[in-house]
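For reference, the structure is listed below as structure tokens.
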Amino acid sequence: MKPALTEQILTILAEIPPGRVTTYGRIAAMTEGATPRMVARALRELPSGHELPWFRVITASRRLADHGGADEQRRRLIDEGVAFDARGRVAKERLWP
DNA sequence: TGTCTGACTAAAC
DNA sequence: CGTTTAGCCAGAC
């Protein structure tokens with residue numbers, strides 16, 4: 001039987017390479033039926049202490065989603081070498097896959 | 001069961 | 001490029 005959507009989402013999340021990013025919609029499309037909102041929910045529900053790269057998930061317009069951890073997210077991406085342009089967008093070459 | 005909400009998106013201006 | 005709008009669908013109440 002197919003794994004729960006949440007499990008599929010987290011499995012995909014764990015495969016995003018360092019220095020690369022992907023979008024809510026792309027992750028959703030890789031699962032068997034999840035929607036971008038479900039991906040967002042899955043990230044929000046992540047327990048603290050996990051080691052999944054939640055900060056490598058951005059919006060379809062390649063900006064950071066609006067949430068409380070956006071500042072930390074931007075910092076961690078920059079630490080990995082992901083740059084933001086003057087309008088706060090990530091270069092599309094950084095998209096994974 | 002009905003209504004509201006949200007770490008989203010695509011389309012229309 | 002920005003703002004708005006409708007669609008989306010699983011949780012919380």
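Chain identifiers are assigned alphabetically (A, B, ...) following the order of the sequence lines, protein sequences preceding nucleic acid strands; residue numbering begins at 1 within each chain.
Of all nucleotides in DNA chain C, those with any atom nearer than 4.0 Å to a heavy atom of chain A start and finish, going 5' to 3', at C/dC1 to C/dG11.
Looking at heavy atoms from C-beta onward, A/Leu64 lies in side-chain contact with A/Leu77 at the 4.5 angstrom threshold. The shortest distance between side-chain heavy atoms of A/Val21 and A/Val57 does not fall below 4.5 Å. Between A/Leu10 and A/Glu7, the closest side-chain pair of non-hydrogen atoms is not below 4.5 Å.
Comparing C/dC13 with B/dA7, their C1' atoms are spaced 22 Å from each other, to the whole Å. For the P atoms, the distance linking B/dA12 with C/dC8 amounts to 15 Å, nearest Å.
In this structure A/Ala65 satisfies the side-chain contact (heavy atoms from CB on, under 4.5 Å) test together with A/Tyr24, A/Thr59, A/His67, sequence neighbours excluded.
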Please set out all donor-acceptor pairs under 3.5 angstrom arising from side-chain atoms of residues 44-55 of chain A, sequence neighbours excluded.
| unit_1 | atom_1 | unit_2 | atom_2 | d |
| --- | --- | --- | --- | --- |
| A/His50 | ND1 | A/Leu52 | N | 3.0 |

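Taking every heavy atom of both residues into account, A/Ile9 and A/Ala42 meet most closely at CG2-CB, 4.0 Å. Considering all non-hydrogen atoms of both residues, A/Pro36 and A/Gly25 come closest at CG-CA, 3.9 Å.
Rounded to the nearest 0.5 angstrom, A/Leu13 CG and A/Met30 CE are separated by 10.5 Å.
Listed by first and then second residue, the side-chain hydrogen bond (donor to acceptor under 3.5 Å, both in side chains) pairs that reach into residues 85-97 of chain A come to none, sequence neighbours excluded.
The stretch residues 81-97 of chain A has no heavy atom under 4.0 Å from DNA chain B, so no residue of it qualifies as close.
No more than 12 heavy atoms of other residues, nucleotides or ligands sit less than 6.0 Å from atom CZ of A/Arg74.
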- Under 4.0 Å protein heavy-atom contacts per nucleotide of nucleotides 1-13 of chain B, with B for base, S for backbone only and - for none: -----BBBSS---

